[in-house]
Asks: 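If you scroll down you'll find the structure; I have some questions about it.
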Amino acid sequence: MPRTRRSKKIKNTSSGNSFHDRDALLGLFKQMYLIRQFEITCGEQYSQGNIRGFLHLYIGQEATGVGVLSQLSKDDYVITHYRDHGHALARGLDVNRSMAELFGKSTGLSKGKGGSMHLFDVSKKFMGGHAIVAGQLPVAAGLSLAQKYKNEEGITVCFFGDGATNQGVYHETLNLAAVWQLPILFVLENNGYGMGSSIERVRAGGTDFYPGVSTYGIDTAEVDGMDVLAVREATRAAIDKIRSNSSPYFIECKTFRFVGHSYADGQKYRDNDEIKSWRNKDPVETFPKYLINQNMSTDQEISDIKSKIDKQIDQAVKFAENSPNPPMSELYKDIYRD
Amino acid sequence: MPDILFRDAIKLGLQEALDNDPSVFIMGEDIGAYGGAYAVTDGLLDQYGPERIKDTPISEATFIGAGIGAAIAGLRPVIELMSISFSLVGFDQIVNMAANIRYMSGGQVNVPMVLRAPTGAGVQLAATHSQSFETWLCEVPGLKCVCPSTPYDALGLIRSAIKDDNPVFVAEPAMLYSKKGEIPNEYYEVPIGKANVIKSGSDVSLFSYGHGIKIISETANYLEKNGINAELVDLRSLNPIDTITISNSVRKTNRVVLVDTARKTGGVMSEVASLITENSVDWLDGPIVTVGSDNVPWPYNHDLEKKAFVDVQSVVKAFEKGYGV
């Protein structure tokens, strides 16, 4: 099992109290629970045949996506991999339209032409889930290059998994970002497995990635990706540094997906004990307990939040079910811009 | 009508775009301090500075991908590849990303990016530096691909390519960089998607593009001495292909010879032959004659390379065999 540890306590450098206020903390829980329920529901809809193709669920990794994205502004670009539902929802993409995209409906974010692995919402600067492993990294460099070229405030956040680190463009992009000093935050979601291949089987050099990144002259942090507050603090510190230095930063989040690579995965490559031990760190379970222990919330409030979100997901399924399929004419649209 | 080198015509198009549009920038390997492997960008670094003339590491996939990212964020990158063979290193980004991202996003983004690369054999660079992968790019929806044969078309097409809101690949025949041709003083563009009838004729239509135009022009001169009046058509745009101009020419002359300087198998002309069969088969007096370079890895040795390369004699022979003249 991959070793995990909490990041060193990073001093909160953001101003004001909003970082630690009750609403902000409850907001983190709401997003994690929304993602969890969305994903569970996707699995059910997949079994019923309403969602087809490949379905990669974010179950278990919620604290990573939510922790990082909670610290972004609307000026920042987000680009990610094909396990993208969690990032989409944490970025505030419409739940109904996200579900409709998975159903392949015309009301979907991409009019039903992208599916689970390719969620986009340019109005939120969410520049896609991308389904060629590591393919989004060079594009992320280009997004941040444009921000620097245009002297914009925003930065670019690029998510990728440990599987991406054995692609050449991973190394090339780290180098390019360092050579050109791009305002970009690399977020490695190290869940220990690239599909069914554990890091130990496919990587020489151990299960930690961040030490290698320093050879490119990029600042790094390692953080417990199951701890939403730790992820949030690490991200805040990273963004402050990116903005003040106009230079790249790399965060490695140690996390775990509780389910298979895709919905069809029987997980023959790992044993139940490993999954169980990570389940003990489930942020959707542990974080509300923490809030209650800190007297920031109550059982009742958590339960109310859950039932409200459950209803929201039910609504999203109904919206997707009731939406029309794209018309046949849609086949020939959006290939070129006139 | 001043004479200008092919490479300088492209440079002129780049300079105009850099002058007129602050969102245009250029990147590629050794395009700045070195001046470009084929000297197309020579002097631009001094003129425009390192923010707009960006030397990249030797990481084709990554700087092509960075161009895509910059393009979807509102810039208009022009990327030089040192050889079209090197595009293979970045083919994932060109095809999976640049061509598909608009469609996958339901039309939310577009990629106004130009990729430029020297293409073709004939300068003894052996197998890895002599290929013509514009042939592959023709199959990809979402991309456009053009190949100029004169300085006039090179300037006109680069102007159109940079203005286009889609990814455009400009394949530049390596053998043409030092050829001269006329350009007018007045501004013009060459539209993407339009073939060019270089010479009108009545007896046979000779189709080609890029460096192949020289071969069909010489073939036409030879045929003319034998009383055969050939029409010459330069495709110029390979994706999309101008099916109307092709059909009009075929239906006029009723005889067709298609010439690829690329390897014949799976070349652009295979697609043209298919289009002619679909659209104009009833107008044909004989077979669609297709001639191309040999289906071999390009050799280094001069004589071997020359033998592999399509030439006037082989075109004439194929025409005579096909049409019994």
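Each chain gets a letter, A, B and so on, in the order the sequences are listed, and its residues count up from 1.
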Asks: Is A:Leu174 in contact with chain B via its backbone, its side chain, both, or neither, using a 4.5 Å heavy-atom distance?
Replies: neither
Asks: So for atom CD1, which belongs to B:Ile58, do other residues, nucleotides or ligands contribute more than 12 heavy atoms lying within a distance under 6.0 Å?
Replies: no
Asks: Where on A:Asn175 is there a heavy atom nearer than 4.5 Å to chain B: the side chain, the backbone, both, or neither?
Replies: side chain
Asks: In terms of heavy-atom pairs under 4.5 Å with chain B, which of A:Val179, A:Asp121, A:Ile79, A:Leu137 leads?
Replies: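 Most heavy-atom pairs within the cutoff with chain B belong to A:Asp121.
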Asks: Of the non-hydrogen atoms in A:Leu145 and B:Lys54, which two are nearest, and what is the gap between them?
Replies: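 That would be CD1-CE, 3.7 Å.
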Asks: Provide the closest heavy-atom pair for A:Trp180 versus B:Asp55 in the form atom of the first, atom of the second, distance.
Replies: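 A:Trp180 and B:Asp55 have their closest heavy atoms at CZ2-O, 3.6 Å.
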Asks: Quick check: closest heavy atoms across A:Glu330 and B:Tyr103, and the distance to 0.1 Å?
Replies: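 That would be O-OH, 4.0 Å.
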Asks: Less than 4.5 Å apart, any side-chain heavy atom of B:Ile68 and any of A:Pro138?
Replies: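 SC-SC contact between B:Ile68 and A:Pro138 ruled out.
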Asks: Is there a side-chain contact (heavy atoms from CB on, under 4.5 Å) between B:Ser105 and A:His118? Walk through the geometry before answering.
Replies: CA-CA 7 Å; B:Ser105 68; A:His118 310 112; over 6 Å; no
Asks: Side chains of B:Gln93 and A:Val139, heavy atoms from C-beta outward: is any pair under 4.5 Å?
Replies: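 A side-chain contact under 4.5 Å exists here.
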Asks: Report, as yes or no, whether the 6.0 Å neighbourhood of atom NZ on A:Lys150 holds more than 12 heavy atoms from other residues, nucleotides or ligands.
Replies: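 Yes - once you tally the heavy atoms of other residues, nucleotides and ligands closer than 6.0 Å, there are more than 12.
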Asks: Should we say atom OH of A:Tyr332 is surrounded by more than 12 heavy atoms from elsewhere, each under 6.0 Å from it?
Replies: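 It does not: A:Tyr332 OH has 12 such atoms or fewer within range.
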Asks: Just wondering, do A:Phe120 and B:Ile101 contact through their side chains at under 4.5 Å, heavy atoms?
Replies: yes
Asks: Should we say atom CD of B:Glu278 is surrounded by more than 12 heavy atoms from elsewhere, each under 6.0 Å from it?
Replies: yes
Asks: Which bit of B:Pro22 comes within less than 4.5 Å of chain A, counting heavy atoms only: side chain, backbone, both or neither?
Replies: backbone
Asks: Taking all heavy atoms of B:Val109 and all of A:Met127, pick out the closest pair and write down the distance.
Replies: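 Closest pair (atom of B:Val109, atom of A:Met127, distance): CG1-CE, 4.0 Å.
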Asks: Please look at A:His130 and chain B and tell me whether the side chain, the backbone, both or neither of the residue comes under 4.5 angstrom of a heavy atom of that chain.
Replies: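 When you check distances to chain B, only side chain atoms of A:His130 fall under 4.5 Å.
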Asks: Which bit of B:Met27 comes within less than 4.5 Å of chain A, counting heavy atoms only: side chain, backbone, both or neither?
Replies: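 The side chain, not the backbone.
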Asks: Which pair of non-hydrogen atoms, one from A:Ala146 and one from B:Ala73, has the smallest distance, and what is that distance?
Replies: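 Nearest pair, atom of A:Ala146 first, then B:Ala73: CB-CB, 3.5 Å.
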Asks: Checking B:Ile72 against A:Val122 for the side-chain contact (heavy atoms from CB on, under 4.5 Å) test, could you report, in this order, the C-alpha distance in whole Å, the side-chain angles of both residues, the deciding distance, and whether it holds?
Replies: CA-CA 10 Å; B:Ile72 63 176; A:Val122 171; over 6 Å; no
Asks: How close do B:Arg102 and A:Ile335 get, heavy atom to heavy atom, and via which atoms?
Replies: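 Heavy atoms only, the tightest pair is CD-O, 4.1 Å.
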Asks: Crowded around B:Phe91 CZ? As in, over 12 foreign heavy atoms under 6.0 Å?
Replies: yes
Asks: Under the criterion side-chain contact (heavy atoms from CB on, under 4.5 Å), I'd like the reasoning laid out for B:Phe63 against A:Glu172: C-alpha separation, chi angles, the key distance, then a yes or no.
Replies: CA-CA 9 Å; B:Phe63 66 75; A:Glu172 293 178 16; over 6 Å; no
Asks: Distance check, rounded to the nearest 0.5 Å: A:Gln147 atom CD versus B:Leu75 atom CG?
Replies: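 The distance works out to 10.5 Å.
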Asks: Contact part of A:Tyr336 toward chain B, heavy-atom cut-off under 4.5 Å: side chain, backbone, both or neither?
Replies: both
Asks: For the side chain to side chain contact (heavy atoms under 4.5 Å, CB included) test, which of B:Asp164, B:Val111, B:Asn110 pairs with A:Arg337?
Replies: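 Result: among B:Asp164, B:Val111, B:Asn110, B:Asn110 is the only option passing the side chain to side chain contact (heavy atoms under 4.5 Å, CB included) with A:Arg337.
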Asks: Taking the side chain as C-beta and beyond, is there a heavy-atom pair between B:Met97 and A:Ile132 under 4.5 Å?
Replies: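 Answer no - side chains too far apart.
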Asks: Could you give the distance from CD (B:Gln108) to OG (A:Ser110), rounded to the nearest 0.5 Å?
Replies: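 One finds 5.5 Å between CD of B:Gln108 and OG of A:Ser110.
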Asks: Need one label for A:Lys333: side chain, backbone, both or neither, based on atoms under 4.5 Å from any heavy atom in chain B.
Replies: backbone
Asks: Mark yes when over 12 heavy atoms from residues, nucleotides or ligands other than A:Arg52 sit less than 6.0 Å from its CZ; otherwise mark no.
Replies: no
Asks: Where on B:Val140 is there a heavy atom nearer than 4.5 Å to chain A: the side chain, the backbone, both, or neither?
Replies: backbone
